[in-house]
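Here the structure is laid out as structure tokens; the discussion comes afterwards.
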Amino acid sequence: MREDAAASGFKDHFSGSAVQYAAFRPLYPASLFAWLASQSPAHTLAWDCATGNGQAAIGLAEYFSRVIATDASAPQLAQAMPHPNIEYRVADAIHSSLPDRSVDLVTVAQAAHWLLLPAFYEEVCRVLKPGGLCVMWCYGVLTCEGDEVNQAVQAFCQHIAPWWPPERVHVENGYRDLPFPFAREMPPPFEMSVNWHLSELIGYLGSSSAATRYRAEQGEDPMSALEARLLPLWGSAPRRITWPLSVLAGRCVISAKPPCNASSR
């Protein structure tokens with residue numbers, strides 16, 4: 001971990017499995033990015049903070065002339081998806097190096113629970129244009145097509161739950177308890193969905209921070225037992241996998257001094 005990242009509170013749960021993480025992350029729905037573009041005051045510059053391997057940045061690049069996608073993890077960025085509209089930078093959430101009042105939209109996908117939010121919100125208010133939009137979203141436990149398959153997956157998720165970092169609780173409750181000091185916008189409902197073979201599901205679950213910690217602490221791979229249980233149930237065809245998205249969206253009304261107060265709910 002870099003010294004500046006440590007000072008910003010950066011907790012690196014994914015660099016060690018960056019290749020696997022990038023290979024098995026589902027993409028966010030196109031309808032989400034269409035809605036973000038429709039709500040943004042302009043489409044000149046978007047900042048995707050804690051971009052990871054660029055899942056959200058790729059969606060934003062279809063609508064914004066320029067996307068600055070930052071992450072404190074260089075190994076994660078090394079796996080990021082290239083696009084001519086995207087510039088990837090190693091930077092933590094509170095030191096974006098973006099000019100004051102230069103950004104139309106700030107996004108944080110599946111990462112706000114890792115950030116030092118008071119300092120991050122100050123940075124958001126510094127870089128956003130008046131009326132600019134800040135949007136954070138997360139997805140929790142997936143649902144699998146087929147009752148027996150889904151029951152087995154839910155049991156597995158309960159089994160590895162003690163190995164999630166404590167911040168994961170915010171994902172489980174859909175970011176309801178996170179401070180969000182902006183003038184709220186009400187987004188429509190969104191969900192992610194994919195059609196996956198069993199190997200893809202195993203790869204996705206195995207790249208989670210909980211599974212990674214389980215392997216390190218228990219000395220065994222929890223995916224082996226799950227795969228053995230699912231193999232006779234799955235069949236040869238892909239199955240539908242869904243995740244509901246929880247979205248926080250709001251506008252930063254910038255005065256002479258940024259009004260952000262991270263204790264606001």
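What's counted below: heavy atoms across the whole structure, side chains too, no hydrogens, waters or symmetry copies. Being a predicted model, the structure only gives us computed values, none of them experimental.
Taken to the nearest 0.5 Å, the CG atom of Leu133 stands 9.5 Å off from the OG1 atom of Thr107. Between the SG atom of Cys138 and the CH2 atom of Trp243 there is a distance of 14.0 Å, given to the nearest 0.5 Å.
Tyr214 contributes no side-chain N or O that, together with a main-chain N or O of Glu220, makes up a donor-acceptor pair within less than 3.5 Å. Side chain of His83 to main chain of Asn85: a donor-acceptor pair is present (N/O by atom type, distance under 3.5 Å, no hydrogens or angles). Ser207 places a side-chain N or O within 3.5 Å of a backbone atom of Tyr204 that can act as its donor or acceptor partner.
Using modelled atom types, one finds a donor on one side chain and an acceptor on the other under 3.5 Å when comparing Ser96 with Glu123. At a cut-off of 3.5 Å, with distance as the only test, no side-chain donor of Arg66 or Thr44 sits close to an acceptor on the other residue. A side-chain donor-acceptor contact under 3.5 Å links Thr51 and Asp48. Between Asp147 and Gln151, the side chains place no donor N or O within less than 3.5 Å of an acceptor N or O (distance only, hydrogens not considered).
Leu245 and Leu27 fall within a single hydrophobic cluster, where Ile, Leu, Val, Met, Phe, Trp and Tyr side chains are chained together by heavy-atom contacts under 4.5 Å.
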(message) Please determine whether side chain to side chain contact (heavy atoms under 4.5 Å, CB included) holds for the pair Glu145 and Trp196, giving the CA-CA distance in whole Å, both sets of side-chain angles, and the decisive distance to 0.1 Å.
(response) CA-CA 10 Å; Glu145 178 185 2; Trp196 270 354; over 6 Å; no
(message) Set out, in order, the CA-CA distance, both residues' side-chain angles and the distance that settles side chain to side chain contact (heavy atoms under 4.5 Å, CB included) for Ser40 and Phe64, then state yes or no.
(response) CA-CA 10 Å; Ser40 181; Phe64 287 81; 3.6 Å; yes
(message) Go through it in stages, so that I can follow the logic: the residues are Gln218 and Arg213, the test is side chain to side chain contact (heavy atoms under 4.5 Å, CB included), and I'd like the CA-CA distance, side-chain angles, deciding distance and then a yes or no.
(response) CA-CA 8 Å; Gln218 299 296 108; Arg213 290 180 67 189; over 6 Å; no
(request) Verify side chain to side chain contact (heavy atoms under 4.5 Å, CB included) between Glu200 and Val194, making sure each step is shown before the conclusion. (result) CA-CA 10 Å; Glu200 294 171 297; Val194 294; over 6 Å; no
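Classification of the Trp137-Phe33 ring pair by plane angle, with boundaries at 30° and 60°, yields perpendicular. Between Phe182 and Phe180, the two ring planes are perpendicular [angle over 60°; tilted spans 30° to 60°].
Residue Glu191 places its CD atom among more than 12 non-hydrogen atoms of other residues, nucleotides or ligands, all under 6.0 Å distant.
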